[in-house]
Amino acid sequence: MKGTVTSRITWTWAVLSALTVVSWVLAATRRFSPSTAVTIVVLAIAAVKTRIVIRQFMDVRLAPHWLRRATDAWLAVLMAAIIGLYLL
Amino acid sequence: MTAEAQSPPADAPARRVPSLPGDAGMWVFVLGDMVIFGVYFVVFMVYRGHEQAVFLASQRHLSLASGAVNTLVLLASSRFAALAVAAARAGDNRRAGRLIAWCGLCGIAFLLVKAHEWYSLVSAGQTVRRNNFYMFYYAFTGVHLFHVLMGLIVLGVMRAELRRPAGRRTWLIEAGAIYWHMVDLLWIILFALLYLMR
């Protein structure tokens with residue numbers, strides 16, 4: 001049980017770090033010019049990472065329904081606004 | 001009768017019962033902070049839309065490596081915080097205390113990288129008055145840095161709690177870790193907005 005919890009946390013961290021490196025490399029390929037593709041991908045990766053932190057590290061996956069809904073709503077509204085304003 | 005139905009038997013596995021991690025007060029604070037930051041992220045995007053060329057040109061002077069390294073440092077700190085909560089729940093106070101110390105060391109590393117980054121930028125003339133991008137950059141990273149400093153105090157409170165001879169309150173350790181994870185997730189979005197967007 002304890003081993004499972006520890007390895008879940010470490011796997012979560014490994015995935016988050018790998019996603020960070022992917023977005024770092026992606027942004028480095030377009031250092032001096034605008035790119036909608038790079039921007040959408042790095043924002044999507046940021047959204048995925050944020051949700052993983054909320055669900056796995058903050059233990060919201062085990063939390064009451066209202067908290068899971070509230071955090072998902074916050075992330076969805078924020079990301080829709082950011083991507084919407086970027087594309088405008 | 002109702003109270004009996006709501007409180008699970010002591011030996012029930014925690015994951016079967018949807019219980020609030022930490023405590024309600026911490027969640028009110030964390031959700032409130034997330035909404036406030038969210039509003040400012042949207043304001044940033046509005047300004048960026050108006051001055052896209054200025055924002056892109058200013059972004060070039062930021063050290064992408066510093067932003068990425070700091071993201072990795074905070075993710076490592078979050079792993080230590082999550083492991084500390086797991087250790088505290090399992091009753092291993094010594095291990096939890098050690099893990100919180102590692103989390104704090106990562107927090108200090110974040111501060112040092114950030115200080116070096118600010119120093120380099122200011123030395124190169126990229127100050128807060130330069131343009132709107134830098135106004136947002138220093139405001140966001142400054143307010144976030146204040147959250148990291150608060151987080152270090154929170155970690156200190158958690159360490160003290162673990163050393164209490166009368167036995168520690170697990171919810172307090174969970175609440176402290178939730179605050180720390182919030183500092184991490186806000187940085188994840190800041191990293192994308194300030195350093196990665198093109």
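Since we're looking at a predicted model, the values are computed, not measured. Chain identifiers are assigned alphabetically (A, B, ...) following the order of the sequence lines, protein sequences preceding nucleic acid strands; residue numbering begins at 1 within each chain.
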(Q) Minimum heavy-atom separation for B:M182 and A:M58, please, with both atom names. (A) N-CE, 3.6 Å

Q) Top residue by heavy-atom pair count (under 4.5 Å) with chain A, among B:M197, B:E174, B:R60? A) B:R60

**Q.** chain A contact via B:A81 - side chain, backbone, both or neither, heavy atoms under 4.5 Å
**A.** neither

**Q.** Co-membership, hydrophobic cluster, residues B:L194 and B:Y119, 4.5 Å side-chain
**A.** no

Q: Check whether any side-chain heavy atom of B:V85 lies under 4.5 Å from a side-chain heavy atom of A:I9, and answer yes or no.
A: no

Q. Will you find, in the side chains of B:R79 and A:T10, an N or O donor that is under 3.5 Å from an N or O acceptor?
A. yes

Q. For B:L62, is it the side chain, the backbone, both or neither that has a heavy atom under 4.5 Å from a heavy atom of chain A?
A. backbone

Q) What part of B:A76 gets closer than 4.5 Å to chain A, counting heavy atoms only: side chain, backbone, both or neither? A) both

Q. For B:F44, is it the side chain, the backbone, both or neither that has a heavy atom under 4.5 Å from a heavy atom of chain A?
A. neither

Q: With the side chain counted from C-beta on, respond yes when B:R89 and A:V5 share a heavy-atom pair under 4.5 Å apart, and no when they do not.
A: no

Q: Tell me, yes or no, whether the heavy-atom count around A:R31 atom CZ, taken from other residues, nucleotides or ligands under 6.0 Å, exceeds 12.
A: yes

(Q) What I'd like to find out is whether the side chain of A:L62 reaches to under 4.5 Å of the side chain of B:P21, using heavy atoms alone. (A) no

Q. Does one hydrophobic cluster hold both B:I188 and A:V38, with members joined at side-chain heavy-atom distances below 4.5 Å?
A. yes

**Q.** Proximal component of A:W74, with respect to chain B [non-hydrogen, under 4.5 Å]
**A.** side chain

Q) B:A177 versus chain A, heavy atoms under 4.5 Å apart: side chain, backbone, both or neither? A) neither

Q) Do other residues, nucleotides or ligands put more than 12 heavy atoms under 6.0 Å from the CZ atom of A:R55? A) yes

Q: Check each atom of B:W180 against the heavy atoms of chain A and say whether the ones under 4.5 Å are side chain, backbone, both or neither.
A: neither

Q: Dump the intermediate steps for side chain to side chain contact (heavy atoms under 4.5 Å, CB included) on A:I45 and B:L196, then the final yes or no.
A: CA-CA 11 Å; A:I45 289 176; B:L196 300 176; over 6 Å; no

Q: Can you tell which part of B:V35 gets under 4.5 Å to a heavy atom of chain A, answering side chain, backbone, both or neither?
A: both

Q. Honestly curious: do B:I173 and B:I153 fall in one hydrophobic cluster under the side-chain, below-4.5 Å linking rule?
A. no

Q: Pick whichever of A:A81, A:A70, A:P34, A:A47 has the most heavy-atom pairs under 4.5 Å with chain B.
A: A:P34

**Q.** Check: A:Y86 main-chain N/O paired with B:R48 side-chain donor or acceptor under 3.5 Å
**A.** no

Q) Between B:L185 and A:F57, is any pair of side-chain heavy atoms under 4.5 Å apart? A) no

Q) With chain A, which of B:A68, B:G67, B:A192 has the greatest number of heavy-atom pairs at distances under 4.5 Å? A) B:A68

Q. Quick one: CE on B:M45 to CD1 on A:I83, what's the gap to the nearest 0.5 Å?
A. 9.0 Å

Q. Is there a path from B:L121 to B:L145 through hydrophobic residues (I, L, V, M, F, W, Y) whose side chains come within less than 4.5 Å of each other?
A. yes

(Q) As an exercise: rank B:I178, B:L56, B:L193, B:L83 by heavy-atom pairs under 4.5 Å with chain A and give me the winner. (A) B:L83

Q: Could you tell me the separation between the CG atom of A:L67 and the CH2 atom of B:W27, rounded to the nearest 0.5 Å?
A: 4.5 Å

Q | Side-chain touch B:T71/A:W24, heavy atoms, less than 4.5 angstrom | A | no

Q: Tell me, for A:A28 versus chain B, whether the close heavy atoms (under 4.5 Å) come from the side chain, the backbone, both or neither.
A: both

Q. Measuring from B:D184:CG to A:K49:NZ, what's the distance to the nearest 0.5 Å?
A. 8.5 Å

(Q) Could you measure the distance from the CZ atom of B:R95 to the OG1 atom of A:T6? Nearest 0.5 Å is fine. (A) 5.5 Å

Q. Does B:L20 reach the side chain of A:W66, with side-chain heavy atoms less than 4.5 Å apart?
A. yes

Q. How far does CG of B:L75 sit from CD1 of A:I52, to the nearest 0.5 angstrom?
A. 10.0 Å

Q. Using a cut-off of under 4.5 Å for heavy-atom pairs, which of A:T50, A:L26, A:V60 has the most such pairs with chain B?
A. A:T50

(Q) Out of A:T12, A:T36, A:L16, return the one with the most heavy atom pairs under 4.5 angstrom to chain B. (A) A:L16

Q. Should A:V77 and B:L190 be regarded as members of a common hydrophobic cluster, given that ILVMFWY residues are connected when their side-chain heavy atoms come within less than 4.5 Å of each other, either directly or indirectly?
A. no

Q) Is chain B contacted by the side chain of A:L88, its backbone, both, or neither, given a heavy-atom distance below 4.5 Å? A) neither

